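Order of listing sets the numbers, starting from 1, for every ligand and every atom in it. Note that the structure is predicted; figures quoted are calculated from it, not measured. Heads up: numbering here begins at 1 and tracks the sequence.
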Amino acid sequence: MLGGGIIGLVTAWRAAQRGLATAVVDPAPGGGAAQVAAGMLAAVTELHYGEETLLGLNLESARRYPAFAAELGEAAGQDLGYRQCGTLAVALDADDRAHLRELHALQIRSGLESQWLSGRECRRLEPMLAPGVRGGLRVDGDHQIDPRRLAKALVTACERAGVVFHRVWAEELTVVRGRAAGVRAADGTELAAGQTVLAAGSLSGRLAGIPEEALPPVRPVKGQVVRLAVPPRYAPFLSRTVRAVVRGSQVYLVPRENGELVVGATSEELGWDTTVTAGGVYELLRDAHELVPGITELPLTETRAGLRPGSPDNAPLLGPTALDGLVLATGHYRNGVLLTPVTGDVMAHVLTTGGLPDVARDFTPRRFAGTAPSDTGLAKAARPDTALSEQPA
Ligand code: GLY
């Protein structure tokens, strides 16, 4: 596995469970975008026009979440912070309300569960909402998980399943007689693998040694996130995820049972920049404050930026590539946490059978033949007879 983020780890865990000798190459397994992500499982509230195919995969993964969380929690002996709390998407002005009405119509046409509420009904559910809220959508099926706990549990589950960790950067894919054969690590170690999985998140397009036709067209999309703490005297501050589009930007507040309140996220096409900016934090807090004025009372505990692995159609790239032996699990963009369960199952199927299961057929990397980025330079690998997975950032 080239990449030890949640996608690489779940692939490694599932592969090891199927009896494959599996190694993960990553200097800091469990790191990456999951350290920043809020952990919304928002198949319904993050539905967009033109993404109906992705919706099917998102819903399938949401359906698998309860059993996945129970199995992983038990395998790791850890609590994942999986919370079936639902989501409320609200509107603050007439434009937002019109936007939300359109989203509601799309949700209903797509056969999804979503209920329109008046502003008063929204405030009855969440009394901390601003008095000006004009209406909203109650989506009881969009839940949350704590991505940091998810990543930590996956590392433990991998260790317990016998996955080997190489805590180094993958430098270059090794290709022997036209077939991926593993990776050369930054410390000079050669790691051989029967199958190499590239799961390096936003860095997946930068591994050296990948032929152009197999290089994934993945780019970084920056997201800044703020963390606040809800003191016990204010609890329950919010009982579910609350979100809105304010002046065209998404803002969401994700309340954890342990009192953390995650406010996200910007969406910025700025290459590899992960600077936390005053402007980014200001906009998040300003928009969150319009939704829930009481946040100004809460301690600010953390600001952080991460990189989503964006793909040309916002959907992941799963399965075999034009290069024999090289398999992708990347490009999950805004849905990496949500898609973790189904990705693990799909990749285990790919690694044991060589083919994509029906649920993932539309997500073959081959749909982007000839569109890879020209800029390369990172890597990951595995060991002999191994599936490799790694994920950075
Ligand atoms: N899915 C939330 C985000 O990417 O900001």
| Among Val276, Val263, Val225, which residue meets the side-chain contact (heavy atoms from CB on, under 4.5 Å) test with Val281? | Val276

| Thr156 side chain to Gln78 side chain, donor-acceptor N/O pair below 3.5 angstrom | yes

| message | Checking contacts here: is it the side chain or the backbone of Tyr252 that comes within 4.0 Å of ligand 1, counting heavy atoms only? Could be both or neither. | response | side chain

| query | For ligand 1, which atoms, with element, lie under 4.0 Å from some heavy atom of Met40? | reply | 2 (C)

| field | Side-chain donor or acceptor of Arg304 paired with backbone N/O of Gln224 under 3.5 Å | value | no

| field | SB check Glu290 Arg247 (cutoff 4.0 Å) | value | yes

| query | Do NZ/NE/NH1/NH2 and the carboxylate oxygens of Arg134 and Glu121 come within less than 4.0 Å? | reply | no

| query | What protein heavy atom sits nearest atom 4 (O) of ligand 1, and how far off is it? | reply | Arg308 NE, 2.7 Å

| Quick one: which ligand 1 atoms are inside 4.0 Å of a heavy atom on Ala265? | 5 (O)

| With a 4.0 Å heavy-atom cut-off (strictly under), which part of Gln250 contacts ligand 1: side chain, backbone, both or neither? | neither

| task | Would you mind running through ligand 1 and noting each atom that sits below 4.0 Å from a heavy atom of Glu46? | result | 1 (N), 2 (C)

| query | atom 1 (N) of ligand 1: which protein heavy atom is closest, and how many Å away? | reply | Arg334 O, 2.8 Å

| note | Residues at least two apart in sequence or cross-chain that pass salt bridge (Lys or Arg N to Asp or Glu O under 4.0 Å) with Glu260, listed by chain then number, are Arg227, Arg256

